[in-house]
Amino acid sequence: MRATFAGIMPFWHEQLDRWQQAWRNEGLPALPRVSLTPPDRQGILTFNIFPLLSHFRGNAQAAAEAVLRPIPHIQHSEVIKGFLNLHFSVEFWRDFLTAVLERAEQGYTRTAIAQQEHLMIEYPSPNTNKPLHLGHLRNLCMGESVSRLWERLGARVVRANLVNDRGIHISKSMLGWKKFFAPLTPETARKKGDHFVGDCYVAFEKAYKEQVDALLAQGMPESEALIQAPLFQEAQHLLRLWEKGDPETLHLWKTMNDWVYAGFDATFARLGIRFDKVYYESQTYTEGKKIVEQGLQAGLFYRAEDGSAWADLSAEGLGQKILLRRDGTSVYITQDLGTADLKFRDYPTLTRSVYVIGNEQDHHMRVLIALLRRLGRTWADKVYHLSYGMVELPTGRMKTREGTVVDADDLLEEMHARAYELTDPNLPEEERHAIAEAVGQGALRFYLLRTDPSKNIVFDPAESIDLKGFTGPFLQYGYVRAQRLYEKATQSHLPPNPSPYAETLHPIEESLLQQLYALPSFLESAATTYNPALLAHYGYELTRRFNELYQNLPVLHAEKAVGAFRLMLVVAYQKAIGAVLEALAIPLPAKM
RNA sequence: GCACCCGUAGCUCAAUUGGAUAGAGCACCAGACUUCGGAUCUGGCGGUUGGGGGUUCGAGUCCUCCCGGGUGCGCCA
């Protein structure tokens, strides 16, 4: 159901419903595709009527007439090849701008088209042995933006985080602490908790590698050396102690995890991200084991001779998948089964369960969904893997060993420092830092969101902190400019007026209106395709057109009727870009 | 070996999902009125869309075969 507004439907997505209904009633053989007219062509909207031509015996004019019949407020239209381009009348734009003014939050920057949707969006699901890095930042920015996009369509969203707090990697950190850092704590070491634990992990890995190298030098094959190294044996022993519930091990485990959570929370807070629900793998894996046992009894899975549990997914083209080790302990997919169940038990009304996870787990997620189907979970088809590409450096992939991992906290600091240099030295220190934080994050977050999620991105530090061109600060600057202009107009008692001052608009005005008009459809497609990059491109193009107007057409220094109308365009732009930035989770600076 | 993803200007990315003359940013070059904030705006340079074949009114997009890069694939999480 789409909202109605006193019979006037000035927004694209609202009009489209009505037009399509009329076209069906008229018996058109196919519905024409509607799109924005490209900038180098005359028009606002373009209808692709090529598919209709055969029905009208090649008479393009007749086809165009049929398409145009239900569309009011057309000023002018023309047919070129299979394309029908139209301009709206100034009355249409008056209605459009009036509607923007009166109900920007209901039908324009926010709609109700996904009111029935209830989503859980899981991100970023970190391991607890290392601090967050650049890859997590991409995940966090994307998860947050997709959440906000759906909320703008009226959906309810549960932001969920799944903490991987269990497994051999934690044992390694614990051993690292015992051997090289005890009795230090993050406080006494003056380190953020997640970084402190990360140091423990790295110290372990370094010592472990030395042992492996020594064994290799003795002529032991690598596969064996990795297992025979004393430190690895100790780590496995510690993991078994943990599973048995050894009090001392559990205490250390809990203490170190709390250090990590404190560190994570600080980073999440800096990014303005909070979660409605947190799952811990240590609590969900037992649930997963139960599910596997049930599946075995039901004959959906099978036991191998050594006692390990398996699923045969060869019919789905996914081969054999192990579900429990021969000693009965769980593997990663086991807890995933448990967590998936818990999600729908905790929130039975979910219509979509989204996992924001890197594309290296494409296969894993396919297996998970296939297993859920096999288990007869009716909601299995509601599970969606929002897969995204890796973040690489110009020198290649980030590698822990080579120390090329870009730390999230360090990067946020660097962005802040870089932006701070460009702030006005005459401002109070506190304000300079507030602006630097907004602009620094704006640059980084836009940079991480502007590329199609499925593609890998190459993180060029120099380019990411750029403030010119296709960047976050470009959009922020447009927002600030519009804000300032509006304030000045208010001071000089110039109110915005949606009524055009003439029968024909300036091409620059019309170009901005065209882009403003398309906002709801971009919000819709960005959300439903889980692709914030669409909105990033939209916001850039919108701001480019606004800057064009700002630079070339006077507002405060124009005739009163002209200025009042242009001010209305400024106001509409400001509402639109504000919504875009909010949906991308990019901060809105008051000044910059 | 098998599966999936990717390949577009020097670099980073688009292309309304099969539609018009493949567009932006960065970089480089040349410009912007004694007006609203120059983190801006206006031009210019830059392409055999990795390659061949096919499908049709029409292909960067679809099918196929190569080339190149990436990620996974029975006990890491």
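In what follows, every chain begins at residue 1, and chains take the letters A, B, ... in the order their sequences are listed.
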Answer yes or no: is there a side-chain heavy-atom contact under 4.5 Å between A/Tyr279 and A/Asn161?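 They are not in side-chain contact.
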Close side-chain approach of A/Val331 and A/Tyr285, heavy atoms under 4.5 Å: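 Counting from C-beta outward, A/Val331 and A/Tyr285 never come under 4.5 Å.
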Check the phosphate of [N] against [X], side-chain N and O only, distance under 4.0 Å to OP1 or OP2. Yes or no?
X        : N     : value
A/Asn456 : B/C6  : no
A/Lys455 : B/G70 : no
A/Tyr550 : B/C36 : no
A/Arg325 : B/A77 : yes
A/Arg481 : B/G38 : yes
A/Tyr332 : B/A77 : no

With both distances under 3.5 Å as the test, what is the Watson-Crick or G-U wobble partner of [N]?
N     : value
B/G43 : B/C29
B/A9  : none
B/U56 : none
B/C2  : B/G72
B/C36 : none

Rounded distance in Å between the [atom1] positions of [N] and [M]:
N     : M     : atom1 : answer
B/G47 : B/C62 : C1'   : 23 Å
B/C5  : B/U64 : P     : 12 Å
B/C67 : B/C6  : C1'   : 14 Å
B/C45 : B/C33 : P     : 24 Å
B/G37 : B/U17 : C1'   : 41 Å
B/G70 : B/C13 : P     : 16 Å
B/G18 : B/A59 : C1'   : 7 Å
B/G10 : B/C29 : C1'   : 15 Å

In B/U48, glycosidic geometry as syn within 90° of 0 or anti otherwise: anti
Taking the six-membered ring where the residue is Trp, are the ring centres of A/His364 and A/Tyr332 under 6.0 Å apart? yes
Hey, do the aromatic rings of A/His169 and A/Tyr201 have their centres closer than 6.0 Å? no
Any idea how [X] and [Y] line up, ring-wise: parallel (<30°), tilted (30 to 60°), or perpendicular (>60°)?
X        : Y        : answer
A/Phe446 : A/Phe470 : perpendicular
A/Phe546 : A/Tyr550 : tilted
A/Tyr501 : A/Phe565 : perpendicular

When you compare the protein's N or O atoms with those of nucleotides 72-74 of chain B, which come within less than 3.5 Å of each other, and at what distance?
none

Select from A/Phe474 and A/Trp12 the residue whose nearest nucleotide in RNA chain B is closer to the 5' end of that strand. A/Trp12
Please figure out whether A/Asn127 or A/Pro473 has its closest RNA chain B nucleotide nearer the 5' end.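 Of the two residues, A/Pro473 wins.
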Within the 4.0 Å heavy-atom criterion, would you say [X] contacts the bases, only the backbone, or no part of the nucleic acid?
X        : value
A/Leu567 : nothing
A/Leu36  : base
A/Met592 : base
A/Arg484 : base
A/Tyr540 : sugar-phosphate
A/Asp312 : nothing
A/Ser308 : nothing
A/Val458 : sugar-phosphate
A/Glu281 : sugar-phosphate
A/His169 : sugar-phosphate
A/Leu53  : nothing

For A/Lys591, what residues pass the side-chain contact (heavy atoms from CB on, under 4.5 Å) criterion, not counting sequence neighbours? A/Leu427, A/Glu431, A/Ile435, A/Arg484
Are side-chain N/O atoms of [X] and [Y] paired as donor and acceptor at under 3.5 Å?
X        : Y        : value
A/Thr46  : A/Asn85  : yes
A/Gln42  : A/Glu78  : no
A/Thr329 : A/Arg325 : yes
A/Tyr477 : A/Thr543 : no
A/Arg166 : A/Ser282 : no

Considering only side-chain heavy atoms of A/Lys468, which listed nucleotide, B/U12, B/C75, B/A39, is closest?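 The closest nucleotide is B/A39.
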Between B/C75, B/A77, B/A39, which one does the side chain of A/Asn164 approach most closely? B/A77
Does A/Glu463 get its side chain close enough to the base of B/U12, under 3.5 Å, for a donor-acceptor pair? no
Between atom [atom1] in [X] and atom [atom2] in [N], what is the gap in whole Å?
X        : N     : atom1 : atom2 : result
A/Leu485 : B/U40 : CG    : C1'   : 14 Å
A/Trp242 : B/C76 : CH2   : C1'   : 15 Å
A/Glu392 : B/U12 : CD    : P     : 11 Å
A/Tyr447 : B/A24 : OH    : P     : 21 Å
A/Tyr477 : B/G38 : OH    : C1'   : 6 Å
A/Asn547 : B/G25 : CG    : P     : 12 Å
A/Ile508 : B/U40 : CD1   : C1'   : 13 Å
A/Asp327 : B/C75 : CG    : C1'   : 9 Å

Distances under 3.5 Å only, N/O to N/O: pair up the protein atoms with those of nucleotides 17-20 of chain B.
unit_1 : atom_1 : unit_2  : atom_2 : d
B/U17  : OP2    : A/Arg33 : NE     : 3.1
B/G19  : N7     : A/Asn48 : ND2    : 2.9
B/A20  : O2'    : A/Arg41 : NH2    : 2.6
B/A20  : N6     : A/Thr46 : OG1    : 3.2
B/A20  : N6     : A/Asn85 : OD1    : 3.2
B/A20  : N1     : A/Asn85 : ND2    : 3.3
B/A20  : N3     : A/Arg41 : NH1    : 3.4

Axial cation check for A/Tyr388 ring with A/Arg138, 6.0 Å and 45° limits: no
